[in-house]
Amino acid sequence: MNMQFYRKLPIPQEIKAEFPISPELAARREATISELKKVFSGESDRFILVIGPCSADHEDSVIDYIYRLRGVQDKVADKILIVPRIYTNKPRTTGDGYKGMLHQPDPNADPDLLRGIVAIRKLHIRALSETGFGCADEMLYPENHRYLSDLLAYVAIGARSVEDQQHRLTASGLDIPVGMKNPTGGDISVMMNSITAAQHSHMFLYRGWEVKSMGNPYAHAILRGYVNAHGQSLPNYHYEDLIGLYETYQKSGLSNPAVIVDTNHANSGKKYLEQIRIAKDVLHSCRCSNEVRGLVKGFMIESYIEDGCQKIGADEVYGKSITDPCLGWEKTERLIYEIADLL
């Protein structure tokens, strides 16, 4: 093989034993999961916001940001359920660049996956213990999920991973809501097939075990826009897109029809300020149709302390994204209150 086996890493059970969570923290997480499931099943009409930095890059600024969310959540709790996104693995289109805290706990240093595994677990524990939030992460690598499986309240499967069999089958064995994004090419049938696979039971190979999944009835759609044959970003959050998805769900026989609308990525063309307009546009569609309002369960928003993004370096601005541009805190706070008023 044309690779160097650098070192054997601890298995998830060992990391969990070294950095455990208390019964109290486990109960907090379960409470968040229960509230999320009520939204996806239609029992609750609260609106979900999976919101936070494009990538969790520095523990101090990420925790600072989540503390700010805590204060806002307490004011809008009757209408909105906030799930901070702590994305510790960053997919790269070409494979190059910063791959997230798992790979580089210090973005300015060389990759160190052992330190990274510890860093991402400590970060999620801090968020849960200090702010009470059960948080979200992207399942970029199914085999790594168990390092955080007792901490996460929500998981997303990315546009580049949604057609992968291992992601789909692993999602079918999770006991938390899993969002399946439409692929980068925009084919909705791929996303629906992914949701179908995730909602069904399977026998498969996972981490060296023959396992049986029970199926996940809370697997659902995430619309994130798409890229056409000419490399142009095109949205799929408009009224017609949402009605079309509703009709597709009606024919599918799937449990708990639901969609989270990603306001960034190809929906905004990565023009982060557009997220404000897109969120309001979708809420207008919800007011125009009971079917759309019943289907749309929330938004995914990329937001951090400072507007925009920056290059990795010694003179980094605190709380400014080092990957995709994000909405700054001042605009984020205002947007959350505006969403609450429009619901």
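All values derive from a computational prediction rather than experimental measurement.
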Q: Run the numbers on Tyr226 and Asp187 for side-chain contact (heavy atoms from CB on, under 4.5 Å), then give the verdict.
A: CA-CA 9 Å; Tyr226 60 101; Asp187 188 343; over 6 Å; no

Q.
Let's go through Asp150 and Arg121 carefully: what are the C-alpha distance in whole Å and the side-chain angles of both, what is the deciding distance for salt bridge (charged side-chain N to carboxylate O under 4.0 Å, His left out) to 0.1 Å, and is it a yes or a no?
A. CA-CA 10 Å; Asp150 56 340; Arg121 185 161 177 85; 2.8 Å; yes

>> Using side-chain contact (heavy atoms from CB on, under 4.5 Å), reason through Ser161 and Leu140 one step at a time and then give a plain yes or no.
In response: CA-CA 7 Å; Ser161 304; Leu140 185 58; 4.2 Å; yes

Which is it for Glu291 and Ser289 under the side-chain hydrogen bond (donor to acceptor under 3.5 Å, both in side chains) test, yes or no, and what are the steps along the way? CA-CA 5 Å; Glu291 289 81 7; Ser289 165; 3.1 Å; yes

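Taking the ring axis of Phe133 as reference, the NZ or CZ atom of Arg70 stays within 45° of it and closer than 6.0 Å to the ring centre.
Its side chain outside the 4.5 Å cluster rule for every partner, Tyr6 clusters with none of the Ile, Leu, Val, Met, Phe, Trp and Tyr residues.
Remark: Lys251 does not engage Glu247 in a salt bridge, criterion side-chain N to carboxylate O under 4.0 Å. Between Glu35 and Arg46 there is a salt bridge, since at least one side-chain N of the basic residue sits less than 4.0 Å from a carboxylate O of the acidic one. Ion pairing between a basic and an acidic side chain is recognised when a charged N comes within 4.0 Å of a carboxylate O; Arg7 and Asp112 show such pairing. Taking a cutoff of 4.0 Å between a charged side-chain nitrogen and a carboxylate oxygen, Glu138 and Arg85 do not qualify as a salt bridge.
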Side chains of residues 335-342: which donor-acceptor partners sit under 3.5 Å, not counting sequence neighbours?
| unit_1 | atom_1 | unit_2 | atom_2 | d |
| --- | --- | --- | --- | --- |
| Glu338 | OE1 | Lys280 | NZ | 3.0 |

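Between Phe40 and Tyr154, the angle of the ring planes stays under 30°, which puts this pair in the parallel group of the 30/60° scheme. Classification of the Tyr141-His103 ring pair by plane angle, with boundaries at 30° and 60°, yields tilted.
Cluster membership check: Ile120 shares its hydrophobic cluster with Leu128, using side-chain heavy-atom separations under 4.5 Å among Ile, Leu, Val, Met, Phe, Trp and Tyr. Hydrophobic clustering places Ile176 together with Leu49 (ILVMFWY residues linked when any side-chain heavy atoms are closer than 4.5 Å, directly or through intermediates). Clustering ILVMFWY residues whenever any of their side-chain heavy atoms sit less than 4.5 angstrom apart, transitively, puts Phe299 in the very cluster that holds Leu327. Hydrophobic clustering keeps Val83 apart from Ile301 (ILVMFWY residues linked when any side-chain heavy atoms are closer than 4.5 Å, directly or through intermediates).
For the side chain to side chain contact (heavy atoms under 4.5 Å, CB included) test with Leu223, the passing option among Val282, Asn182, Thr263 is Asn182; the others fail.
Across all their heavy atoms, Pro84 and Gly134 have their closest contact at CD-O, 3.9 Å. Between Thr323 and Cys309, the shortest heavy-atom contact is O-CB, 3.4 Å.
No hydrogens or angles considered: a donor-acceptor pair under 3.5 Å links the side chains of Glu130 and Tyr67.
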